[in-house]
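Atoms within a ligand are numbered from 1 in the order they appear, just like the ligands themselves.
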Amino acid sequence: MTTIRVPLGERSYAVHLGAGLRRRVAELLPASHTARGRRFLLAADTAVPESFSSAVAKSLSEAGARAVDAVQVPSGEASKCVAVLAALWDAAAAARLDRGDVMVAIGGGVAGDVVGFAAATYMRGIAFVQMPTTVLAMVDSSVGGKTGINLDAGKNLVGAVHQPIAVIADTDALATLPIGEHRSGLAEVVKAAVLADAELFARLAAEPAALLDARSAALATAMARAIGIKADVVSRDEHERGERAVLNLGHTIGHALEAELGYGTIRHGEAVAVGMIAEGHIATALGTGWTAEDQRALEALLRAIGLPIAVALPEGPDPVIARTALDKKARGGEVRYALPHRIGHATPGHPVPAEAARAALRRVALP
Ligand SMILES: NC(=O)c1ccc[n+]([C@@H]2O[C@H](COP(=O)([O-])OP(=O)(O)OC[C@H]3O[C@@H](n4cnc5c(N)ncnc54)[C@H](O)[C@@H]3O)[C@@H](O)[C@H]2O)c1
Ligand SMILES: [Zn+2]
C-alpha cells in the first residue's frame, strides 16, 4: 500500500492506494470516525460487484461502526442529477445519519461526484470517504474535493468543494473495469506527467503495455505519482484561484470535443488525449517552448496506450472552438488554456487566439 497525504490544514487527508484495501477500510480511517455506533451510508455504482461493498461493510462492522444498507447509484453520467442526489439525501435521512456520520462513495467519478455533493449538502455537510473504482477516479476525481452534478445546460454546473476525510483506492476493483475505461483513465496519468514530471513520463513511455494490466506494479507506481501531483497542486490552490487550472491541460479542447461529438460518443480520457495533442500544437505555435520532439513523444505514448490522437470532425473546427468559449473556466468570455512548455512543465492562464485553436484542430481532424 502507498499513502499520499493531501495537506490542507485541518482538512488534510490521506489517499491510500493498494490491493485488498476494501477489507481494511476501518483501520485506514481516522479513528474519530470509526467510533462505536457511527453510521456509514455506503453508496455504490451498480457496476461495482456487490462483494466489494459487502467487504467494506464487514470491515466497518467488525470495528464496531454501523454500515447502513448500500444505496445504488446507477451506472453512467446521467446519475449526476437531482433525482439521484435526492435519493441519497432521503437514504441518509431514513438511516438517521447525523453530523457525526459518514457517507462512502464507491465507484468512478460519477459516484464520487454525486455522493460527495450529497455529503457536502446533507445537514450542511457531513464527512465522506471516496472509494474510487476506476483509474480516472483513483488518480483524479477522488482527490481535491470537487463534487457536483450536471444540468441540462452543461456538466458540473452545480457543486461544492467538499474534501473527503480519506480516499481509499483498492486496486483490485480495476480487475472488472472495462479496458476502454481503464485506457481512458490513463490519459489523466499522462496529463500529470506532462504537466509536472518528466521522469514519470519516461517511465510510462518505457513500459506502456504494463499500464494496461490492472495488477501491475508499473500501474500502481504511476497512479501513486499522478495522485501525488494532483495532491500537490490542490494543496497549493484548493479553490482554483490560479495554479489549480493547470490540471485543465488537454481539457479546454477535450471538454469542447466531448460536448460537440456528444457525451457517450467519445470517452472523457479519449477527448483529453486528443485535446492534449491539439493544445501541444497551440503551445508550439505560441512559442511556449513545446517542441515538435515533445509532441512526437506525447503522440507515441498515447498511441502505445491505445488512446486516440486524432478525431473525426465532420463539422470542422469552428463548432468546437465555439464550445471552448462556453467552458465554465472561461472568464468574461475569454478562454484561458493550460499549455505545456516541455514534458514535465505546464502553466495555466494562456489566452489563445481563435486562429491558433483552429489551426491546431485541423491538425487533429481525421481526413
Ligand atoms: N471531481 C473531480 O475533480 C473530477 C475530476 C475528473 C472527472 N470528474 C468526473 O468524473 C466522471 C468520470 O469518471 P469515470 O471516468 O470514473 O466514470 P464513471 O464513474 O462513469 O465510471 C466509468 C464506467 O465504469 C463503470 N465502473 C466503475 N467502476 C467499475 C468497476 N470497478 N468495475 C466495472 N465497472 C466499473 C461505471 O459504471 C461506468 O460505466 C465525470 O462525471 C467527470 O465529470 C470529476
Ligand atoms: Zn479529466
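Of the protein's non-hydrogen atoms, L136 CD2, 3.8 Å is the one closest to atom 12 (C) of ligand 1. Nearest protein heavy-atom neighbour of atom 9 (C) of ligand 1: D113 OD2, 3.4 Å. Nearest protein heavy-atom contact of atom 31 (N) of ligand 1 is A173 O, 3.0 Å. Protein heavy atom in closest approach to atom 34 (N) of ligand 1: A47 CB, 3.6 Å. Taking atom 4 (C) of ligand 1 as the reference point, the nearest protein heavy-atom neighbour is S141 CB, 3.2 Å. Looking only at heavy atoms of the protein, atom 21 (O) of ligand 1 is closest to T134 CG2, 3.7 Å.
Remark: ligand 1 atoms within the under-4.0 Å shell around heavy atoms of E77 are 40 (C), 41 (O). Proximity to T176 (heavy-atom distance under 4.0 Å) selects the following atoms of ligand 1: 30 (C), 31 (N), 32 (N), 33 (C). Ligand-side atoms of ligand 1 in range of S75: 36 (C), 37 (O), 38 (C), 39 (O), range being under 4.0 angstrom from any heavy atom. Annotation for ligand 1: atoms under 4.0 Å from non-hydrogen atoms of D45 are 36 (C), 37 (O). Per-residue contacts place K155 under 4.0 angstrom from the following atoms of ligand 1 (heavy atoms of the residue considered): 40 (C), 41 (O), 42 (C), 43 (O).
Vertex the Zn ion (ligand 2); arms to H268 atom NE2 and H251 atom NE2; angle 100° (nearest 10°).
A donor-acceptor contact shorter than 3.5 Å links the side chain of S216 to the backbone of A210. Although no hydrogens or angles enter the test, the distance criterion places a donor-acceptor pair under 3.5 Å between the side chain of D237 and the main chain of R241. Looking at E279, its side chain never comes within 3.5 Å of a backbone N or O of M276 through a donor-acceptor pair.
If you look at L177 next to ligand 1, the close heavy atoms, those under 4.0 Å, come from the backbone and the side chain alike. When heavy-atom distances to ligand 1 are checked against a 4.0 Å cut-off, H268 has no atom that comes that close, whether in backbone or side chain. Both the backbone and the side chain of V110 come within contact range of ligand 1, each with a heavy atom under 4.0 Å. Counting heavy atoms under 4.0 Å from ligand 1, residue T46 does not touch it at all. The residue E188 has no part lying near ligand 1, judged by heavy-atom distances below 4.0 Å.
For the atom pair NZ (K80) and OG1 (T147), the distance works out to 9.5 Å, reported to the nearest 0.5 Å. Rounding to the nearest 0.5 angstrom, the gap separating the OG1 atom in T265 from the CG atom in L257 is 11.5 Å. The distance from the CD1 atom of I168 to the CG atom of L17 is 11.5 Å, given to the nearest 0.5 Å. In this structure, OG in S75 is found 4.5 Å from CG in D45, a value given to the nearest 0.5 Å. Residue I149 holds its CD1 atom at 9.0 Å from OG1 of T121, rounded to the nearest 0.5 Å. Rounding to the nearest 0.5 angstrom, the gap separating the CD1 atom in I106 from the CZ atom in R22 is 11.0 Å.
Look at R323 and E258 and you find no salt bridge, because none of the NZ, NE, NH1 or NH2 atoms lies under 4.0 Å from a carboxylate O. Here R296 does not pair with E299 in a salt bridge; the nearest charged N to carboxylate O distance is not below 4.0 Å.
Classification of the H162-F128 ring pair by plane angle, with boundaries at 30° and 60°, yields parallel. Ring geometry for H255 against H251 counts as perpendicular: the plane angle is over 60°, on a 0 to 90° scale with 30° as the lower cut.
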CA sep, side-chain torsions, deciding dist, call: E62, K58, salt bridge (Lys or Arg N to Asp or Glu O under 4.0 Å)
CA-CA 6 Å; E62 280 171 5; K58 184 159 175 272; 3.4 Å; yes
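Across the listed options H182, K230, E181, H251, E181 owns the non-hydrogen atom lying nearest to atom 22 (C) of ligand 1. With distances taken over non-hydrogen atoms, the option nearest atom 10 (O) of ligand 1 out of A105, G109, A78 is G109. Atom 29 (C) of ligand 1 has its nearest heavy-atom neighbour, among N156, T133, N150, in T133.
The shell of residues lying under 4.0 angstrom from ligand 1, judged by heavy atoms, includes K80.
For the Zn ion (ligand 2), the nearest N, O or S atom contributed by E188 is named OE2.
None of the N, O or S atoms belonging to D140 lies under 2.8 Å away from the Zn ion (ligand 2).
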